[in-house]
Amino acid sequence: MGSRQIHITLPDGTRRSMPAGCTAGEALSGPGKSLSPEILAAKVNGVLMDLATVLKEDASLEPVTFESPEGKDVYRHSSTHIMAQAVKELFPSAQLAIGPAIEEGFYYDFAFERPFTPGDLEKIEERAHEIIKADRPFRRMEMPRQEAIRVFKERGEGYKVDILEHIDDPTASLYSQGEFIDLCRGPHVPSTGRIAALKLLSGAGAYWRGDERNPMLQRIYGTSFPTQAALDAHLAKLEEIKRRDHRRLGKELDLITIQDEIGPGLVLWHPKGALIRLLIENFWREQHLQQGYELVYSPHVARLDLWRTSGHVDYYRENMFVPMKVEASEYQLKPMNCPFHIMIYKSHLRSYRDLPIRYGELGTVYRYERTGVLHGLLRVRGFTQDDAHLFCRPDQIETEVGRVLDFTFFVLRTFGFSEFEVYLSTRPEKAVGAPEKWEQATAALEAALKSRGVAYRIDPGEGVFYGPKIDIKIKDVLGRAWQCSTVQIDFNNPERFELAYTGEDGKAHQPIMIHRALMGSIERFFGILLEHYAGAFPTWLAPVQAKVLCITDRQRAYAESVVGQLKAVGYRAEADLRNEKVGFKIREAEKAKIPYMLVVGDREMQAGTVSVRGRSGADLGSMPVVAAIDLIRADVAQAMPGR
RNA sequence: GCCCACGUAGCUCAGUCGGUAGAGCACGUCCUUGGUAAGGACGAGGUCACGCGUUCGAUCCGCGUCGUGGGCUCCA
């Protein structure tokens, strides 16, 4: 032999001697052993590469499995190539565009003369399974960019040529499995047989490079997993998401509707939905008053000139309804609340002693959203922001932002959210305000986060043009992240509206303005809550907290008296006095997701008790009415200390 | 806005290869008074989203409008 030896360092620190020219896969498995099938790719000196990569020098090696994000990426990326091959085999005239791995799967965009039908998807999936069964190896080829362009021109793949013409790298990498060749950075799993469970999910239209001026392509979404069980679990999760859909639950529980006759993106709150909203709003108002906010109201329309001053006419027009003419002037339906709060601030001369001033409003705004983006309660045209604007001195930013953060986390926790993702967005390219101001404010935001030990990520350049911001995303029970809360510094409006306060020095100074919302929009937050709780609101928010069910007509008066006792101490109770069997009444109360069912028959009536059944079947036994009230009280107090 | 699919009773959905429609649930009346997720009988309920066209005839076919759903860079 006499071949040169190289040293491989594994993640656990062990070193292994291998002949130079071995592959990454061989080096990971060790001499004479076969590679564990979980290993999909390798990190060579920290760079993600194929297992077939030939090693010529000493290197550190790390196995990559499906468990890591990179592993999932490789797996799904290989999957999408398999799907693309299936499409090309069945529909040779389809052209390849792009096909990346995405969070929970993959897609591939094709240029094709017609959309793919569900029947096409079935055939494509079948063919993909055959390709997997054939276990064709993925082979990497590298060639000069020009040559790659020639290859794809020959194959009639115009989009690949377009991609190649837009990249700088003088060499391009191509991957093939069998007859199929695709431009691809890689890496890939060693062969198609490594994809254990693959499923195509849906087809959709998508623009080339996401630009609506470009041609529409046909996108196919799919996903893949290393075991059938994992795929089934994923599909079950998709079913669960459907089951929790707030549009479905909103209708089923008779909480809200959005109706054609009224208009897209405009929400009707039915009595039970309105009651939950009222409870949310009451909580919000109480807490804001306690936190030193002053609550205000503002009109739904204002002169267009106000929106010229604020800059919305210039920067926000495409999201505004068209103005309406009234007498000699034009009026604008409000897309935001800030100008109104600013005008309240401006209605007096302000002293440095007055600051900070905190104005809060559940302000309903109207924004024109393109029809295609409207979605249930999550994206609407009329919604209520839990808005507030803080006016403070520059030295107060950190304290104020800190207070907002504490307040936000408190409110979100009360609504049952315990996991958060926090982002700090810094100065974008196009920005107003001096760089020093940005630096100072960004540092204050960061200091407020740090002093609370909040873990956060920086989104460089993602701030709004008028100032840096902190965004907080909440994670629901299914692990989905939703952005609700935001805290934004605004250098723009104080300038535009010439805001001022008199300082200790007797001179005019410009205040800092902070926009903030905790829930974002009540509509959206309500939709998220509905999905988070799957409609089973906690007792403090449940529109009906207890339903009294009589077994026969004989207990009707008693049932009503129990309802009366509950109402007298402030709980929301209803009686079901209908001539129906108790099983039927329980079924209905279960479906309405009412937290407590109080069953009353002759026995209970005699003893002055109720039989308590908790939501989803728990038998809590028979007890005096006061004991049932204590039960509800304890339940509410757990979520809402002090009630 | 754009691509595709869809719009039938209050809800969920069948159906009509063109001859003005059906189920389940819900609703109403009656019977039943039943102890922890559906008791029974009968009944009422529809301009088949809207408009225009083709046709002897349109809910069905064509075009348009409105609405809903999925999607529209997570960049080889």
Side-chain angles (χ1 to χ4, degrees), chain A residues 69 73 76-77 80-81 96-109 112 114-118 145 148 152 157 159-167 169 171-175 181-186 201-221 242 245 247-248 251-252 254 257-265 318 368-376 549-556 578-592 597-604 611-620 622:
Chain A
D73 221 68
R76 267 73 182 262
H77 200 174
T80 203
H81 272 224
L96 301 170
I98 57 164
I102 54 176
E103 205 165 307
E104 306 228 276
F106 55 84
Y107 68 79
Y108 213 112
D109 287 345
F112 193 49
R114 60 172 178 83
F116 293 109
T117 65
R145 196 164 64 100
F152 286 109
E157 299 289 0
Y159 289 92
K160 294 295 174 189
V161 174
D162 190 72
I163 291 164
L164 279 162
E165 281 168 350
H166 281 85
I167 60 176
D169 204 329
T171 60
S173 60
L174 279 63
Y175 277 80
I181 297 180
D182 196 359
L183 174 67
C184 180
R185 189 157 34 197
L201 299 172
S202 58
Y207 298 103
W208 171 236
R209 294 187 187 278
D211 189 327
E212 64 191 36
R213 289 164 302 190
N214 286 337
M216 175 72 64
L217 304 171
Q218 302 305 327
R219 175 170 296 181
I220 301 176
Y221 283 93
K242 258 193 214 160
D245 192 309
R247 291 167 299 187
R248 176 195 157 116
K251 201 188 277 179
E252 269 175 20
D254 196 16
T257 49
I258 296 174
Q259 301 178 19
D260 291 10
E261 291 82 347
I262 288 157
E318 55 179 50
Y368 171 73
E369 300 278 2
R370 301 155 106 204
T371 47
V373 306
L374 296 173
H375 181 88
L549 314 177
C550 60
I551 289 173
T552 73
D553 289 348
R554 289 189 298 281
Q555 302 94 30
R556 290 174 78 152
R578 291 176 303 171
N579 174 14
E580 293 291 350
K581 291 192 170 185
V582 73
F584 181 83
K585 295 183 183 183
I586 284 172
R587 179 181 152 80
E588 295 224 323
E590 277 298 344
K591 287 209 309 187
M597 286 159 247
L598 310 181
V599 178
V600 296
D602 285 336
R603 290 203 296 270
E604 287 78 7
S611 280
V612 184
R613 180 190 159 106
R615 192 151 53 185
S616 61
D619 182 1
L620 304 177
S622 213

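In the text below, chain A, chain B and the rest are named by the order of the sequence lines, each starting its count at 1.
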Paired nucleotide for [N] [Watson-Crick or G-U wobble; both distances under 3.5 Å]:
N     : result
B:G22 : B:C13
B:U59 : none
B:A5  : B:U68
B:U73 : none
B:C48 : none
B:C27 : B:G43

So what does [X] hit on the nucleic acid, given a heavy-atom distance under 4.0 Å: a base, only sugar-phosphate, or nothing?
X        : answer
A:Ile258 : nothing
A:Ile102 : base
A:Lys585 : nothing
A:Gly372 : base
A:Gly614 : nothing
A:Val582 : sugar-phosphate
A:Ala172 : base
A:Asp109 : nothing
A:Glu604 : base
A:Tyr207 : base

Separation of atom [atom1] in [X] from atom [atom2] in [N], rounded to whole Å:
X        : N     : atom1 : atom2 : result
A:Glu103 : B:U73 : CD    : P     : 15 Å
A:Tyr108 : B:G71 : OH    : C1'   : 19 Å
A:Leu201 : B:A5  : CG    : P     : 20 Å
A:Leu374 : B:C66 : CG    : C1'   : 14 Å
A:Gln555 : B:G35 : CD    : P     : 10 Å
A:Leu217 : B:C75 : CG    : C1'   : 13 Å
A:Leu549 : B:G35 : CG    : P     : 14 Å
A:Lys591 : B:G24 : NZ    : P     : 16 Å

In terms of heavy-atom contacts, does CD of A:Glu318 have more than 12 from other residues, nucleotides or ligands at under 6.0 Å?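 No - once you tally the heavy atoms of other residues, nucleotides and ligands closer than 6.0 Å, there are 12 at most.
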Consider the side chain of [X], meaning its heavy atoms from C-beta on, and name the nucleotide among [options] that approaches it most closely.
X        : options             : value
A:Ser611 : B:G34, B:G35, B:A26 : B:G35
A:Arg554 : B:U33, B:C27, B:U36 : B:U33
A:Phe584 : B:U36, B:A26, B:C72 : B:A26
A:Met216 : B:U36, B:C2, B:G39  : B:C2
A:His375 : B:C74, B:G70, B:G35 : B:G70
A:Gln218 : B:C3, B:G71, B:U36  : B:C3
A:Ile551 : B:U73, B:G34, B:A26 : B:G34
A:Thr371 : B:A37, B:G1, B:U36  : B:G1
A:Arg219 : B:C72, B:G35, B:A26 : B:C72
A:Tyr107 : B:U73, B:G71, B:G34 : B:U73

Give me the distance, rounded to whole Å, that separates [N] from [M] when you measure between the [atom1] atoms they each carry.
N     : M     : atom1 : value
B:A41 : B:A58 : C1'   : 39 Å
B:A49 : B:U8  : C1'   : 10 Å
B:G39 : B:G67 : C1'   : 41 Å
B:C66 : B:C30 : P     : 48 Å
B:G22 : B:G43 : P     : 14 Å
B:G19 : B:C27 : C1'   : 32 Å
B:C48 : B:U59 : P     : 6 Å
B:G53 : B:G57 : P     : 12 Å

Mark yes or no for a side-chain to base donor-acceptor pair under 3.5 Å between A:Asp619 and B:U36, with no hydrogen or angle criteria applied. no
Contact between [X] and [Y] at the side-chain level, heavy atoms closer than 4.5 Å - yes or no?
X        : Y        : result
A:Asp182 : A:Tyr108 : yes
A:Ile102 : A:Tyr107 : yes
A:Gln555 : A:Asp602 : yes
A:Leu96  : A:Lys160 : yes

Is the Lys NZ or Arg CZ of A:Arg76 less than 6.0 Å from the centre of A:Phe106's six-membered ring, within 45° of the axis?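 No - A:Arg76 does not lie over the ring of A:Phe106 by the 6.0 Å and 45° rule.
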When you measure from the side-chain N and O atoms of [X] to the phosphate of [N], is any distance below 4.0 Å, counting only OP1 and OP2?
X        : N     : answer
A:Arg247 : B:C11 : no
A:Arg587 : B:U36 : no
A:Tyr221 : B:C72 : yes

With under 30° as parallel and over 60° as perpendicular, where do the rings of A:Phe112 and A:Phe116 fit, or are they tilted in between?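 Judged by the thresholds at 30° and 60°, the geometry between A:Phe112 and A:Phe116 is parallel.
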Tell me which of A:Asp602 and A:Gly99 sits closer to the 5' end of RNA chain B, going by the nucleotide each one is nearest to.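 The residue mapped nearer the 5' terminus is A:Asp602.
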How close do A:Asp109 and A:Arg219 get, counting heavy atoms only, and between which atoms?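 For A:Asp109 and A:Arg219, the tightest heavy-atom pair comes out as OD1-NE, 2.7 Å.
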For A:Arg247 versus A:His375, what's the shortest heavy-atom pair and its separation?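 Closest approach of A:Arg247 to A:His375, heavy atoms only: NH1-CE1, 3.1 Å.
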Show your working on side chain to side chain donor-acceptor pair (under 3.5 Å) between A:Ser611 and A:Glu604 and close with a plain yes or no. CA-CA 7 Å; A:Ser611 280; A:Glu604 287 78 7; 2.7 Å; yes
